[in-house]
Amino acid sequence: MNKLEERSLVVLKPHTLTRGLVGEVIRRFENVGLKLVGIKMVQVSKELADKHYPLSRREFIEGMGKKTLENYAQLGVDPVKELGTADAYEIGKLVRQWLVRMITAGPVIAMVWQGPSAIEVIRKIVGHTLPSKAAPGTIRGDFSYDSSYLANKGKRAIKNLIHASGNLEEAKYEISLWFKDEEIYQYPRDMETNPISQLVDQNGRD
Ligand code: IDP
Ligand code: MG
């Protein structure tokens, strides 16, 4: 892997499989020029789910709570009435329980994608956490329709199809949690080896 490259963990949540969207999602990452360097189907255990969504990462738990609070404020919904609290961390803990239930509900596809600024590029392709805010053209924007309010009403996680690492630190932790070193492969994509592609590749980059 060269210095400019990053790796990101992408997990297709169980409803991506039940909806038959696995190929569609992979196609979008491939088209952009990202390189698939690891892939497997996994029935996630409670233990793996707990480590993937660690309670100890306070800013992550609080972040989920904050997204709920923002969504509720926009909709004029009182969080205390709905969830019994307006505390972002407490709400985040609730959401986390639903998330663990969701990700263990059926098999998932776990993947490692590699490329320059892979983490940011993947987040851009995936779109906003809340499908109602995800732009058309993103995976979440095109294939999901959900909100914190609807999800929380049903005591479930938002169905937004995909997990993608949020930053470099998260990516490193998550990849080492899901993949052994020998499960990650190296090979060149055509644009890395084809001299014409290197001048102006299929994505029009110089
Ligand atoms: P991300 O998946 O875009 O990185 P995070 O804030 O890391 O978003 O949240 C992890 C997952 O938790 C989301 O993808 C979504 O499925 C779920 N989630 C986040 N906020 C809520 C919520 O308010 N209610 C229900 N589920 C939520
Ligand atoms: Mg996240």
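Both counts, for ligands and for their atoms, begin at 1 and track the order of listing. Hydrogens, waters and symmetry mates play no part in the numbers below; they use all other heavy atoms, side chains included.
Nearest approach of His52 to Trp178, heavy atoms of both residues: ND1-NE1, 3.1 Å.
The cluster map of Ile, Leu, Val, Met, Phe, Trp and Tyr, joined by side-chain heavy atoms under 4.5 Å apart, puts Val32 and Tyr187 in the same cluster. Cluster annotation: Ile103 and Val22 are assigned to distinct hydrophobic clusters (Ile/Leu/Val/Met/Phe/Trp/Tyr, side-chain heavy-atom contacts under 4.5 Å, transitive).
For the pair Arg19 and Phe143, the cation-pi test (distance below 6.0 Å, angle within 45°) is failed.
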Any protein N or O within less than 3.5 Å of an N or O in ligand 1? List each pair with its distance, or say none.
from     : atom 1 : to     : atom 2 : distance (Å)
ligand 1 : 2 (O)  : Arg140 : NH2    : 3.1
ligand 1 : 3 (O)  : Arg123 : NH2    : 2.9
ligand 1 : 3 (O)  : Thr129 : OG1    : 2.4
ligand 1 : 3 (O)  : Arg140 : NH1    : 3.0
ligand 1 : 4 (O)  : Arg123 : NH1    : 2.9
ligand 1 : 4 (O)  : Arg123 : NH2    : 3.2
ligand 1 : 6 (O)  : Lys67  : NZ     : 2.7
ligand 1 : 8 (O)  : Lys67  : NZ     : 3.4
ligand 1 : 8 (O)  : Thr129 : OG1    : 3.2
ligand 1 : 14 (O) : Lys13  : NZ     : 3.0
ligand 1 : 14 (O) : Asn160 : OD1    : 3.4
ligand 1 : 14 (O) : Asn160 : ND2    : 2.8
ligand 1 : 16 (O) : Lys13  : NZ     : 3.0
ligand 1 : 16 (O) : Ile158 : O      : 3.0
ligand 1 : 23 (O) : Thr68  : OG1    : 2.3
ligand 1 : 23 (O) : Ser148 : OG     : 3.0
ligand 1 : 24 (N) : Asn152 : OD1    : 2.7
ligand 1 : 26 (N) : Ile158 : N      : 3.0

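In summary, Glu24 and Arg28 engage in a salt bridge, as defined by a charged side-chain N under 4.0 Å from a carboxylate O.
Atom CD of Glu47 has 12 or fewer heavy atoms from other residues, nucleotides or ligands within 6.0 Å.
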